[in-house]
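Note that the coordinates shown come from a computational prediction; the quantities given were computed from them, not determined experimentally. By convention in this document, chain letters (A, B, ...) are assigned in the order of the sequence lines, proteins followed by strands, and residues within each chain are numbered from 1.
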Amino acid sequence: MSAPRTPTSALGPGMAGREVTLLGWAHEIRDLGGLLFLVVRDREGTAQVTLVKAKAPPDLFASARAIPRESVLRVTGTVKAEAKAPRGVEVLPTRIEVVSPAMSPLPMDPTEKVPAELDTRLNNRFMDLRRPAAQALFRLKSEVADAIRSTLRSRGFIEIQTPKILAAATEGGASLFPISYFDREAFLAQSPQLYKQMMMAAGLDRVYEIGPIFRAEEHDTHKHLNEVTSIDIEASHMDHNDVMALLEEVVVAAYRRVAESPLLPPVGVQVKVPETPFRRIPYDEAIRLAGDIRWGDDLDTRAEKAIGEKVGHLYFITDWPTDIKPYYVMPHPDNPRLSRAFDLMHPKMELSSGAQRIHDPQLLTQRIKSKGLAPESFEFYLKAFRYGMPPHAGWGLGLERLVMTMLGVENIREVVLFPRDRQRLVP
RNA sequence: GCCCGGGUAGUAUAGCGGCCUAGUAUCUUGGCCUGUCGAGCCAGGGACUCGGGUUCAAAUCCCGACUCGGGCGCCA
């Protein structure tokens with residue numbers, strides 16, 4: 001393990017004469033009889049290892065011929081500048097060690113000569129991710145998360161971790177997964193909502209969390225999963241407009257990072273950084289654009305698509321009817337039927353929703369009751385509002401939806417390593 | 001959960017009552033081949049999701065189960 005290692009990306013004609021050690025997989029073996037090409041693949045790319053029968057040691061040539069595809073190899077050899085080789089270099093090996101052989105047949109073909117279906121790929125995810133195009137999605141997802149973290153930290157946000165095991169529902173709405181918690185029943189968190197709000201009472205002022213959320217809905221679509229990653233923020237002394245501006249900043253930072261990334265070419269898409277400010281469309285106008293939505297109803301898939309086609313880029317829907325949003329959203333003081341809640345929409349789907357929150361405990365209790373929920377079960381939460389709760393606002397942004405829409409990926413499963421849906425629990 | 005359409009070698013597909021001893025590509029095994037980069041050529045290997053039914057005859061038609069995909073619902 002201590003031997004110096006040369007990533008394939010480091011090879012170039014300028015390295016001619018140097019001895020290198022490549023660690024990677026046997027991507028392809030092309031045997032031309034008197035000449036054999038072994039393509040070694042690592043995370044950064046591929047390199048050609050060339051054996052000439054007349055010149056190489058006979059046992060080395062024979063053993064190279066027999067290497068099963070996708071075996072892990074350690075290849076030591078000399079770099080040679082060669083115009084006929086890919087990227088102008090090849091490695092003439094002195095030693096080829098099969099560190100870990102691959103069985104045959106392979107469950108799928110990482111070289112994509114015969115592309116596998118998504119289902120097959122997910123069943124063999126470890127091998128699917130050997131494909132540069134698949135791996136790039138996750139490396140870009142990492143870039144997106146990092147860009148968002150950097151932006152939030154630069155704005156004074158503190159990263160927190162809230163519990164994922166809860167005693168009861170936090171929001172109502174989406175259904176929860178019950179779990180066994182010693183001798184009691186508990187639930188997996190559908191959102192960090194209540195806890196991030198409590199951190200406003202705690203004086204952390206600005207917090208964010210990037211973590212899993214669990215929804216027990218029996219949905220079965222290209223944009224829903226039962227476990228996804230939520231980017232949640234909450235900020236004291238901000239209103240809905242402040243956090244919408246922050247959301248724009250965060251989303252643009254993510255787009256910019258991806259658009260400039262060298263990891264983008266393997267995905268094969270163009271990414272255009274959206275212009276700010278995003279269009280604000282009040283709910284009343286949105287339902288007119290959608291055509292057939294009654295006032296007070298949520299937007300269905302058809303409505304989202306219809307509006308998305310007309311707008312064509314990222315946009316906000318603002319001023320939602322208070323009754324179709326969660327109990328914690330702040331009603332407009334002058335017109336309480338409408339709220340300071342907003343959704344961030346991509347033309348293809350919703351990405352984020354947020355709001356200024358209610359910080360008055362009386363009003364909050366009343367709203368909980370009017371949703372048919374019992375304030376007693378929210379006592380731990382309401383208590384935080386009675387001893388000095390700053391006004392605050394926040395949002396939750398779906399990481400996978402942001403990444404999939406940005407990269408033009410049609411199925412959310414593509415951007416989750418091991419997706420959890422109605423059917424899939426393994427691997 | 002509802003509607004529609006599928007399940008054929010490891011992978012991806014053709015065939016849609018008898019011409020199927022199930023075709024093709026890739027893969028794999030063996031052979032030939034000194035510049036491949038989707039290497040090429042020759043020979044071999046490997047499959048009809050499961051359970052019922054219809055029929056002289058089922059990969060093919062019908063029913064059910066499981067499962068995949070598309071649309072919708074629920075939801076973020």
Handout entry: Residue whose closest nucleotide on RNA chain B lies nearer the 5' end, T221(A) versus P68(A)
Key = P68(A)
Exercise for the section: Looking at every strand, decide which applies to P115(A) at a 4.0 Å heavy-atom threshold: base, sugar-phosphate, or nothing. Expected result: sugar-phosphate
Practice task
Describe the nucleic acid contact of D343(A) in one word from base, sugar-phosphate, nothing, applying a heavy-atom distance below 4.0 Å.
Solution key: nothing
Practice task
Provide, to the nearest angstrom, the distance between the CG atom belonging to D119(A) and the C1' atom belonging to C68(B).
Solution key: 6 Å
Handout entry: For atom CD of E410(A) and atom C1' of G71(B), their distance in whole Å
Key = 14 Å
Problem - Ionic contact status for R125(A) with D128(A), cut-off 4.0 Å - result: yes
Practice task
Mind telling me whether Y283(A) and W320(A) have parallel, tilted or perpendicular rings, with 30° and 60° as the class edges?
Solution key: tilted
Handout entry: Distance between P atoms of G45(B) and A25(B) (Å, rounded)
Key = 15 Å
Practice task
Please report, rounded to the nearest Å, how far the C1' atom of C74(B) is from the CG atom of D421(A).
Solution key: 15 Å
Handout entry: From U28(B), G73(B), A76(B), nucleotide with atom closest to V228(A) side chain
Key = A76(B)
Practice task
Side chain of T50(A) only, please: which of G31(B), G35(B), U36(B) is the nearest?
Solution key: G35(B)
Exercise for the section: Rounded to whole angstrom, note down the C1' distance from G23(B) over to U60(B). Expected result: 15 Å
Problem - Atom C1', compared across A58(B) and G15(B): separation rounded to whole Å - result: 14 Å
Problem - Partner nucleotide, any strand, of G30(B) [Watson-Crick/G-U, under 3.5 Å] - result: C42(B)
Problem - Whole angstrom value for the distance that separates P of G69(B) from CG of D220(A) - result: 8 Å
Problem - Whole angstrom value for the distance that separates C1' of C72(B) from CG of L299(A) - result: 16 Å
Exercise for the section: Select one nucleotide: of C72(B), U11(B), A39(B), the one nearest the side-chain heavy atoms of T120(A). Expected result: U11(B)
Practice task
Identify whether any heavy atom of K305(A) sits under 4.0 Å from a base atom; if not, whether one sits that close to sugar-phosphate; answer base, sugar-phosphate or nothing.
Solution key: sugar-phosphate
Problem - Pair of N/O donor and acceptor under 3.5 Å linking U36(B) base with Q48(A) side chain - result: yes
Practice task
Identify which nucleotide among U36(B), A76(B), G31(B) has an atom closest to any side-chain atom of R215(A), counting heavy atoms from C-beta outward.
Solution key: A76(B)
Fill in the blank from the handout: From the candidates G73(B), G35(B), U28(B), the one with an atom nearest any side-chain atom of K80(A) is G35(B)
Practice task
Please work out if E218(A) contacts a base, only the sugar-phosphate, or nothing of the nucleic acid, heavy-atom cut-off 4.0 Å.
Solution key: base
Handout entry: Pair F418(A) + F126(A): ring centers closer than 6.0 Å
Key = no
Practice task
Could you check whether E304(A) gets within reach of a base, just the sugar-phosphate, or nothing at all, counting any heavy atom under 4.0 Å?
Solution key: nothing
Practice task
Establish, with yes or no, whether the OP1 or OP2 oxygen of A39(B) is under 4.0 angstrom from a side-chain nitrogen or oxygen of R30(A).
Solution key: yes
Practice task
Give the nucleotide from the list A76(B), U26(B), C37(B) with an atom nearest to the side chain of D109(A).
Solution key: U26(B)
Handout entry: Pairwise 5' ranking along RNA chain B for K55(A) and D31(A), keeping only the more 5' one
Key = K55(A)
Exercise for the section: For S353(A), report the nucleic acid contact type (base, sugar-phosphate, nothing); a contact means any heavy atom under 4.0 Å. Expected result: nothing
Problem - Proximal nucleotide (of U11(B), A76(B), C68(B)) relative to the V114(A) side chain - result: U11(B)
Handout entry: Mate of U11(B) where both pairing distances stay under 3.5 Å, Watson-Crick or G-U
Key = A25(B)
Exercise for the section: For C19(B) and G44(B), measure between their P atoms and round to the nearest Å. Expected result: 23 Å
Practice task
Over 60° means perpendicular and under 30° means parallel, so classify the ring planes of F385(A) and H392(A), tilted if in between.
Solution key: tilted
Completion exercise
Ranking C75(B), U28(B), U36(B) by distance to the side chain of R69(A), first place goes to U28(B)
Handout entry: Mate of C72(B) where both pairing distances stay under 3.5 Å, Watson-Crick or G-U
Key = G1(B)
Practice task
Go ahead and name the base partner of C56(B); Watson-Crick or wobble counts if both distances stay under 3.5 Å, otherwise write none.
Solution key: G18(B)
Exercise for the section: Could you tell me if the ring centre of F378(A) sits under 6.0 Å from that of Y327(A)? Expected result: yes
Problem - For atom CG of L106(A) and atom C1' of G10(B), their distance in whole Å - result: 8 Å
Problem - Rounded distance in Å between the C1' positions of C16(B) and G1(B) - result: 31 Å
Problem - P-based separation of C62(B) from G7(B) [nearest Å] - result: 12 Å
Practice task
Using a heavy-atom cut-off of under 4.0 Å over every strand shown, decide if T111(A) touches base, sugar-phosphate, or nothing.
Solution key: nothing
Handout entry: Whole-Å C1' distance, U21(B) and A47(B)
Key = 15 Å
Problem - Validation row, ring centre F316(A) to ring centre F342(A) under 6.0 Å - result: yes
Practice task
Could you check how far CZ of R422(A) sits from P of G73(B), rounded to whole Å?
Solution key: 18 Å
Problem - Over all atoms of both residues, closest heavy-atom pair of G12(A) and V79(A) - result: O-CG1, 4.1 Å
Practice task
Considering only atom C1', compute the distance from C27(B) to A9(B) and round it to an integer number of Å.
Solution key: 10 Å
Practice task
Could you check which of U36(B), A39(B), A76(B) has an atom nearest any side-chain atom of K113(A)?
Solution key: A39(B)
Practice task
Check every strand shown and say whether D300(A) touches a base, only sugar-phosphate, or nothing at a heavy-atom separation below 4.0 Å.
Solution key: sugar-phosphate
Practice task
Could you check whether I412(A) gets within reach of a base, just the sugar-phosphate, or nothing at all, counting any heavy atom under 4.0 Å?
Solution key: nothing
Completion exercise
Whole-Å distance, F61(A) CZ to U36(B) P, equals 15 Å
Handout entry: No-H, no-angle donor-acceptor pair, E117(A) side chain to G6(B) base, under 3.5 Å
Key = no
Handout entry: H219(A) side-chain proximity, nearest of G35(B), C75(B), G31(B)
Key = C75(B)
Handout entry: Lys/Arg-Asp/Glu bridge criterion (N-O < 4.0 Å) met for D292(A), R302(A)
Key = yes
Handout entry: Pair D232(A) + K196(A), salt bridge at N-O below 4.0 Å
Key = yes
